[in-house]
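The sequence lines fix the lettering, A, B, ..., with proteins before strands; numbering per chain opens at 1.
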Amino acid sequence: MATVPSTANVVVIGAGIVGNSLVHHLTRLGWKDVVQLDKGALPNPGGSTGHASNFIFPVDHSREITDLTMDSVRQYQEMGVFTQSGGFEVARTEERMEELRRRMSSAKAWGIDSELVTPAQVVEKVPFLDPDQIIGAFWTPTVGVVDSLRAGTIMREQALATGELTVVAGAEVEDLVVEDGEHGRRIRSVVTDQGTIEASYVVIAAGVWSPKLGDMAGVRIALTPAVHQMISVGPCPQLAETDGEISFPIIRDMDTFCYERQHGADMEVGSYAHRPILHEPEEIPSIEQARLSPTEMPFTEDDFDQQLEEALELMPELLGAEGAEIRYAINGLLSLTADGNPILGESEVKGLWVSAAVWIKEGPGVGRAVAEWMTHGHSEIDLHHSDIARFHPHETTREHVRARTSEAFNKTYGIVHPGEQWGSDREVRYSPMADSQKALGAVFHETVGWERPFWYDSNADLLETYGDRVMPREHEWDSRWWSPIINAEHLAMREHAGVVDLTAFSIFDITGPGALASVQRTCVAQCDVAVGKVVYTPVLDAKGGFLSDLTVMRLGEDRFRVVTGGAHGMADRKHFTDRLVDGAELADVTEEVSTIGIWGPKAREVLASLSSDDLSDGGFGFLTSREIDVKGVDAPVLASRISYVGDLGWELYVPFSAAASLWDALLTAGREHGVRPVGIGVYGTTGRLEKGYRAFGAELDAERTIVETGMQRPKVKAADFLGREAYLAQREAAPAAVLCTLTVDDHTSASGVKRYMLGGEPILTTDGQLLTDGHGHHSYVTSAGSAPSLGKHVLLAFLPPEEATIGNRLAVSYMEELYPVTVGSVDATPLLDPDNERLR
Amino acid sequence: MADVLVCVKRVPDFSGEVLLSDDAQSADARYVGHTLSNHDLCAVETAVQLAAATGGSATVLTVGSADAVEQLRTALGVGCAAAVLVEADPVTLGPADVAREVAAVVADHEASRGASYDLVLLGNDAADSGDFQVGIRLARLLDRPVVTGVQTVTLDGDRATLVSDVAEGRETYRVPTPAVVTVLEGGVEPRYPTITGRMKAKKIPVEERALSAEPVGSGRVRLRVPAPQSSTSTLLGEGPEAAPAVVDLLQQLGVAR
Ligand SMILES: Cc1cc2nc3c(=O)[nH]c(=O)nc-3n(C[C@H](O)[C@H](O)[C@H](O)COP(=O)(O)OP(=O)(O)OC[C@H]3O[C@@H](n4cnc5c(N)ncnc54)[C@H](O)[C@@H]3O)c2cc1C
């Protein structure tokens with residue numbers, strides 16, 4: 001057996017499905033001198049992989065997760081360890097049936113063959129299921145099971161065959177040594193109980209133990225070990241007669257949060273219905289201490305009693321069969337994160353990578369994607385929802401993770417609205433004007449801890465003013481986490497002006513003699529501009545995919561301010577930090593600088609009434625910034641004339657201490673002009689959609705290009721920047737997809753209730769056929785929302801180029817009904833005010 | 001129609017490493033959870049089989065903490081029909097206390113039923129404290145015959161036949177009932193609960209009782225975990241050449257012929 005070497009290029013910690021996938025893909029991509037460590041013995045070292053139920057349902061509402069899963073299935077198939085069984089998600093309630101209709105949307109959008117079926121159709125394939133318990137089901141034929149231990153062995157052996165991998169089983173990592181360098185901390189070595197390895201790269205793929213390993217290097221890995229209970233009941237005579245591991249489709253009993261999966265003569269019943277049972281990584285027993293394995297904790301029977309009853313209800317003859325006993329029962333440990341997504345990518349310690357909180361269903365796909373990322377700096381599948389850099393500091397605390405995962409656990413099979421708000425760990429960050437907002441009846445939604453007013457109940461009077469123009473929604477689902485007041489505020493902004501709290505922006509100042517070079521090599525747009533200029537720019541990866549879009553202000557020769565959305569702020573900070581040249585520094589001023597926007601036809605008049613500065617179009621041009629004085633505000637206000645809502649106005653940057661006075665001054669001065677406080681519902685959705693403005697995470701991600709999104713400028717700057725070569729090539733080729741703006745022509749459903757899409761729905765031909773773009777992807781709605789000034793519901797979607805023609809009539813599928821839509825714009829041209837006259 | 005009382009103890013599951021509590025008075029089940037020892041499980045299985053074979057009933061009893069209801073439910077889940085918990089902090093109890101409490105329950109139950117338990121079964125010894133005394137002390141208190149280390153039990157009228165396989169051969173005892181028997185694992189295969197069994201178990205009320213007298217305790221100073229037994233492994237060979245040696249060994253163990 002191999003011993004621990006003294007040096008390695010890369011050390012992978014963990015030999016579960018994730019570690020094994022990683023060593024395979026790293027060596028495949030040409031990495032040399034790879035060492036894999038696990039404290040346990042192979043092939044089953046005692047992690048979660050050893051006792052997984054190992055089934056895969058491909059459809060998820062997240063495109064990223066679905067793509068990783070589909071890639072994993074492909075890899076499992078190539079290794080010959082995938083058995084297709086088919087799977088049903090059964091509904092016991094009408095509410096669940098509606099969710100299954102929504103699942104059909106995701107299936108179609110992500111290109112997975114699924115259909116809704118009747119109880120009788122379920123019983124045809126699963127004769128021991130009681131059809132009277134269910135009202136319908138979602139059938140996916142490509143559901144299957146894998147042998148994840150065998151897959152791990154195959155991948156490890158493939159890696160060993162390259163001659164570049166050393167595997168040491170039975171070696172426990174006890175410390176990670178990090179050194180301080182000029183550009184931050186960097187990994188140096190891995191200390192094991194059998195010697196120390198100097199390494200340039202280390203990957204933590206240690207499943208539920210990952211936070212403990214991260215702590216060794218001062219990196220917080222925000223996951224918690226959590227119990228998932230599973231029992232195995234058998235021998236069941238109905239199963240004993242069948243050949244092989246699985247012959248019947250897997251059942252997910254969605255309303256009881258349970259599944260039933262055949263395993264030979266046994267039926268495995270697993271549950272997400274019990275109380276959340278969280279553990280601390282430090283408290284997981286050692287291999288010696290554990291009864292079965294460290295991740296098979298003693299079964300707590302009481303937590304499962306309810307599930308037994310419900311499972312028996314669904315499959316009385318099978319689970320109640322003579323001789324069918326509960327032969328195995330565990331509290332299995334798996335990893336949960338606050339947002340449910342994996343934790344992947346390079347940590348703030350250079351060279352120290354993480355690949356954790358990954359399920360069997362995504363394992364090999366994640367292995368490939370992370371290996372690509374380590375190799376090229378980007379992966380084929382966009383991973384931004386899983387990026388470890390996404391976390392804001394408060395989101396990495398154990399308390400936050402415990403609170404959110406406790407809340408989310410019972411939603412594993414839950415019906416989660418796209419706008420759903422968390423109940424736990426709220427009120428973490430408030431902007432300085434929160435008192436005023438509360439007094440105004442703000443309805444707060446959360447973004448990365450910030451409590452942001454989505455609308456103000458004090459604006460309810462506007463509902464009467466605007467009547468039906470607020471486009472009220474009759475259906476509870478369509479109007480959940482939404483209010484017609486948003487649309488009323490929107491109309492008031494367009495008519496008068498609105499004041500918006502944008503404190504949640506992430507703001508970094510980049511300074512020093514290297515500041516210009518740092519910004520230039522990161523951003524696509526020309527940033528070597530006159531002091532005072534404001535630049536809107538994409539940030540790309542090397543393959544020309546979007547990492548971000550944001551604004552950069554040149555505040556001085558050696559001084560730039562980067563302003564970006566809070567949600568992606570931490571990842572953006574890493575993009576800039578990673579590309580700082582010598583002589584440049586980045587300071588995060590998010591918690592010091594508050595931002596307030598004022599937009600609308602009256603914006604200039606209101607602001608001018610408070611300031612002696614020249615705010616005329618000639619004196620304060622579009623896309624410029626400068627400090628102004630504002631009456632009643634005890635600090636200089638940095639005003640920037642840009643707009644994300646398509647109306648004349650400014651973003652005003654002000655120290656936290658002076659923000660409330662600026663807020664009050666604007667509202668007070670604006671009152672006589674009909675100016676209202678306006679929520680994020682307007683800023684993030686209605687305002688931007690009328691203008692066709694793209695949003696990162698919706699339209700823009702690493703799989704989309706500037707050309708496809710219609711955002712190319714006539715010229716490309718001469719200075720080099722990341723992704724330049726790829727971008728130049730993209731400009732020469734015809735786009736594979738075109739981002740279009742569509743409007744819904746008729747909202748009336750079969751029942752007569754008007755329905756409003758919320759995003760994620762497939763765009764189809766008028767007769768319901770899928771559209772496929774040049775990437776082989778199907779068209780789906782990336783953003784949806786009201787455009788109250790147009791009286792239309794607007795959808796953004798990437799269409800195949802041949803469908804991207806103005807006036808083209810297509811359909812959107814919502815809850816399994818088709819609604820007619822028309823293409824209104826095939827580039828960034830806004831539906832409202834195409835010549836941007838309102839901005840002047 | 002045999003009525004059997006089976007006495008069990010909630011103990012840590014010692015298939016993992018044994019850890020002690022800080023005061024070394026008990027074992028720590030933090031990582032391993034609680035269970036019934038294999039002897040106890042075999043005693044329960046024997047009780048359930050006897051009850052089923054004769055149309056009688058099996059009652060399970062434990063002297064222990066309120067949490068021990070979990071173990072009572074395990075026994076109920078595989079076919080016991082009634083359960084008794086004598087609630088007490090197990091650390092304060094010695095074998096004389098446990099025997100006295102069981103005897104008190106037996107006396108009470110027999111008085112109210114007007115009939116005696118044909119058999120009182122216990123596990124041979126407790127997996128954690130290992131005193132090996134309760135069965136014998138109980139028999140003395142009840143003035144009944146006792147046989148320890150029994151693997152199979154058959155009842156024929158008012159006689160019980162008790163068999164165990166020991167290193168020297170097979171021992172068979174015939175005793176008149178009522179009698180006390182301590183059960184050694186190996187004679188019966190304990191069953192797992194069925195879902196319906198488990199659900200039924202949930203609904204059976206547990207008779208809760210307090211101690212009948214102040215405990216005298218065990219006089220135990222402290223527990224100590226013995227040094228791990230050194231195990232030696234013999235390498236039988238490598239690759240296909242090792243096959244004959246493996247076959248030999250399997251034949252020696254009686255696994256293959
Ligand atoms: C009951 C149950 C059923 C499940 N069923 C499914 C399913 O049907 N489908 C599905 O997709 N997922 C399922 N999962 C989830 C799945 O098991 C896990 O998500 C997956 O196995 C995680 O793989 P991993 O490689 O990240 O972690 P692990 O398999 O836990 O591997 C981590 C490895 O790191 C090693 N390690 C840790 N610390 C150190 C150290 N200090 N030094 C050296 N080595 C160390 C460990 O020994 C371990 O081998 C299930 C989970 C449970 C509990």
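Atom CZ of A/F128 has more than 12 heavy atoms from other residues, nucleotides or ligands within 6.0 Å. Counting heavy atoms of neighbouring residues, nucleotides and ligands inside a 6.0 Å radius, atom CG of B/D23 exceeds 12 of them. A 6.0 Å sphere centred on CZ of B/R222 holds more than 12 heavy atoms belonging to other residues, nucleotides or ligands. Residue A/E317 places its CD atom among 12 or fewer non-hydrogen atoms of other residues, nucleotides or ligands, all under 6.0 Å distant. No more than 12 heavy atoms of other residues, nucleotides or ligands shown are found within 6.0 angstrom of CD on B/E189.
Of the two parts of B/R191, the backbone and the side chain both hold a non-hydrogen atom closer than 4.5 Å to a non-hydrogen atom of chain A. Looking at A/E296, neither its backbone nor its side chain comes within 4.5 Å of chain B, counting heavy atoms on both sides.
With a 4.5 Å cut-off on side-chain heavy atoms, B/V78 and A/E325 do not count as touching. Contact of the A/E309 side chain with the B/K202 side chain is not registered, since no non-hydrogen atoms from C-beta on lie closer than 4.5 Å.
Scanning all heavy atoms of the two residues, the minimum distance from B/Y31 to A/Q289 falls at CE1-OE1, 3.1 Å. Contact between B/I195 and A/L319 at its shortest, heavy atoms only, is CD1-CB, 3.8 Å. Here the shortest heavy-atom pairing between A/P298 and B/G33 reads CG-N, 3.2 Å.
Top candidate by heavy-atom pairs under 4.5 Å with chain B, chosen from A/N331, A/L312, A/D305, A/I284, is A/D305.
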